[in-house]
Q: 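Below you'll find the structure I mean.
Each chain gets a letter, A, B and so on, in the order its sequence line appears, and its residues count up from 1. Computed over heavy atoms, backbone and side chain alike; hydrogens, waters and symmetry mates excluded. Here the structure is a predicted model, which means the values were calculated and not measured.
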Amino acid sequence: MGIIYGFWEETGPASGFTPVVFGLIVTVSSVALFWHSLRSKKDKKQIITKKELLDLFKICLAVCLVIFCIPRLGTFTSLGLLLVVGIKLISSSTWLMATCTGAGITVILYLVFKV
Amino acid sequence: MSEILAQLFQGFTVALDPINIFAVIVGGIMGIIVGGLPGLGSVAGVALLLPLTFKMNPTTAVIMLAGIYYGNMFGGSISAILLNIPGDSPAVMTAVDGYQLARQGKAGKALYTAFFASFVGGITGAVILTFLGPALAFVGLRFGPAEFTSLILFALMSVGWLLGEKPAKGIMATGIGLLLSTIGVDMIQGLPRFTFGMLNLTAGVPFIPTVIGIFGFAQVLKLLLAGYEIGQATAVTPRLSIRDSLLSIKEWAEVSFTAVRSSLIGFFVGLLPGSGATMASFMAYIAEMRLNKHPERLGKGALAGVAAPESANNAASMGAFAPLLSLGIPGSGTTALLLGGLMMWGLAPGPLLFREAPEFVWGLMASMYVGDIAVLLLCVLLVPFLAYIPRVPKAILAPTTIALCVLGSFSVNNSIFDIWFMVFMGVVGYFMDRLQFPTPPLVLALVLAPRLQTAFRQALMISPGGSLMIFITKPISLAFLLAAIVMVTLPVLIKKRKDSPSA
């Protein structure tokens, strides 16, 4: 960025100045952290387990499906579906209970955001 | 003095407008609910509810957001006292004595103490802010671009260092925020940077989806992946009644003195960028341990142990408004969000705000008094129902928060891209949390970077020959730069001293 857009002009910083300087801050702190992690005997635990990663993927996939549905079904219908399925999957409630709760929350969200 | 009081009186005419009273009450209720829910916190609460205010006029919108903010501070104590799970980090110290009191069957008294102390903290903070804010703005008027550049650098450095276990992680989070701010069309030459041909990025990183992702969606991921159920936590299930919750005269006296003292500590700690409400509550609790007549009672269920952190964190939240309104420098993640919101409404917080938009500034200040009274009354009257707030099951809380994240991101520009970006930033925020990187410095950097670039550029334009010496030759600028250097070097020196074998 600094090479393409220039780093410094006669009148002051060019467009490439801030990305280079801010990039340098990140680089230097990364090197410091890397050096620290090499020297440190602690912090060797796993950042995230396979199960957590899989769960994270599932949640993100559910949200991606909602994003996919919004232009097709509408915002509140898509969010209503997310709420019903989400409540059903996380809790052990019945489909009827989950549908009623999800629909109720969707109506509240609609009233708050649209009305 | 009389001029300030006259301005404040004018502010009350704005704050007491029915729509603004309604806004502060609604904001307060939302704040209490969000603050009372374990695992969300004030930053997430404000981030999620920020899009709600876009249809309002700026004054009403900020009054509502401020209501959410201090409602949050009040509400944070509920889950800390009843569940031993602080709703937010500033309520960590409240849990120490509050939960002990709840176990002794005094949950109502603990909650009333927390609400009363929060009220004292809020009012004390508002009074100091009323007089300190204009004075700070007057000082700020003497600041030129060089001074502002150095001040922003100082704020960024101090936030980066003060938050997080390892200062390098704070600095790195700041750096990432600064880098994110470079995305979009450059203000100097009008060239696109890091847009990768995406039209959605030409205006820069979308602010609201970024903060909703980092604070809101990341919190839901944390909540869902943590594997614990809020309802099954170590809960004390009291039946709360107003009558049983009232304090005796002796208890009032004890709590009042502590609350005023801690409020003063809290306000001045809150003024410092990065220190915020959490540090204020810790410092007030430590001060209470030293100054209380019966320090042995603290930690075992003392009302003073609840009053000290609660009044301090509320006063600190008011203190954080002083640099925000007077200098345009937010001191915490929440005030950074408020700054972002203000800028979206076309207001530029800083020394000129007091001159250019007095009805807004004084309306906001007056609303702090009105808001504190309203939130106190709400808490006092709703105490029998407050015990139910932290019991909202994860099965309802998590999907509802996800829905709010999606809706909040989408409602800004009706853009699907914004939702994708929110999800992306949520995952980034989740991993930052797992790796113990503090997220507030990232948002603070994202908000302050455009001002930093503008001030830096302006400073060089007025500097003879475009020399960088302007930052050193101006005494105020030099003082801020030295303070920034101290902020960077001091923790390293302290750590080295601690690690050295002779220490």
Q: Roughly how far apart are B:Ile176 CD1 and A:Phe22 CZ, rounded to 0.5 Å?
A: 13.5 Å

Q: Just so I understand: if I count every heavy-atom pair under 4.5 Å between each of A:Leu24, A:Leu89, A:Ile48 and chain B, which residue has the most?
A: A:Ile48

Q: Which atoms form the tightest heavy-atom contact between B:Ala403 and A:Leu82, and what is the distance?
A: N-CD2, 4.1 Å

Q: With a 4.5 Å cut-off on heavy-atom pairs, point out which of A:Leu33, A:Asp55, A:Ile25 contacts chain B the most.
A: A:Leu33

Q: Nearest 0.5 Å, please: how far is OG1 in A:Thr75 from CZ in B:Phe410?
A: 4.5 Å

Q: Side chain from CB out, backbone as N, CA, C, O: work out which of these in B:Ala445 comes under 4.5 Å of a heavy atom of chain A, or both, or neither.
A: neither

Q: Give the member of A:Thr27, A:Leu83, A:Ile67 that has the highest number of heavy-atom pairs under 4.5 Å with chain B.
A: A:Ile67

Q: Specify the closest pair of heavy atoms between A:Glu52 and B:Leu225, including all atoms of both residues, with the distance to one decimal.
A: O-CD2, 3.9 Å

Q: Which bit of B:Leu179 is near chain A, if near means a heavy-atom gap under 4.5 Å: side chain, backbone, both or neither?
A: both

Q: At their closest point, which heavy atom of B:Ala395 faces which heavy atom of A:Ile87, and how far apart are they?
A: O-CG1, 3.3 Å

Q: In Å and rounded to the nearest 0.5 Å, what is the CZ to CG distance from A:Phe17 to B:Asp186?
A: 12.0 Å

Q: Which bit of B:Phe437 is near chain A, if near means a heavy-atom gap under 4.5 Å: side chain, backbone, both or neither?
A: side chain

Q: Given a strict heavy-atom distance threshold of 4.5 Å, which part of B:Ser411 is in contact with chain A: side chain, backbone, both, or neither?
A: side chain

Q: So which of A:Ala32, A:Gly23, A:Cys60 has the biggest tally of heavy-atom pairs under 4.5 Å with chain B?
A: A:Gly23

Q: Which region of B:Ile183, side chain (C-beta onward) or backbone (N, CA, C, O), has a non-hydrogen atom less than 4.5 Å from a non-hydrogen atom of chain A, or is it both or neither?
A: neither

Q: If you define the side chain from C-beta out and look only at heavy atoms, does anything of A:Ile70 sit under 4.5 Å from B:Val406?
A: yes

Q: Using a cut-off of under 4.5 Å for heavy-atom pairs, which of A:Ala62, A:Gly86, A:Cys64, A:Ser93 has the most such pairs with chain B?
A: A:Cys64

Q: Is it the case that over 12 heavy atoms from other parts of the model lie below 6.0 angstrom from the CZ atom of B:Phe417?
A: yes

Q: Could you please spell out the steps behind the side chain to side chain contact (heavy atoms under 4.5 Å, CB included) verdict for B:Leu407 and A:Phe76?
A: CA-CA 9 Å; B:Leu407 207 50; A:Phe76 288 94; 3.8 Å; yes

Q: Would you mind telling me which of A:Val28, A:Ile105, A:Ile59 has the largest number of heavy-atom pairs within less than 4.5 Å of chain B?
A: A:Ile59

Q: What's the separation between atom NZ in A:Lys58 and atom CG in B:Leu224, rounded to the nearest 0.5 Å?
A: 12.0 Å

Q: Heavy-atom distance under 4.5 Å to chain B: side chain of A:Thr101, backbone, both or neither?
A: side chain

Q: Taking all heavy atoms of B:Ile171 and all of A:Ser29, pick out the closest pair and write down the distance.
A: CG2-CB, 4.2 Å

Q: Taking the side chain as every heavy atom from C-beta outward, state whether A:Val21 and B:Phe456 have any atom pair closer than 4.5 Å.
A: no

Q: Answer with side chain, backbone, both or neither: which region of A:Leu54 has an atom nearer than 4.5 Å to a non-hydrogen atom of chain B?
A: neither

Q: Determine the option with the most heavy-atom pairs under 4.5 angstrom with chain A, choosing from B:Ile396, B:Thr400, B:Val423.
A: B:Thr400

Q: Using non-hydrogen atoms only, which part of B:Ser181 is less than 4.5 Å away from chain A: side chain, backbone, both, or neither?
A: side chain

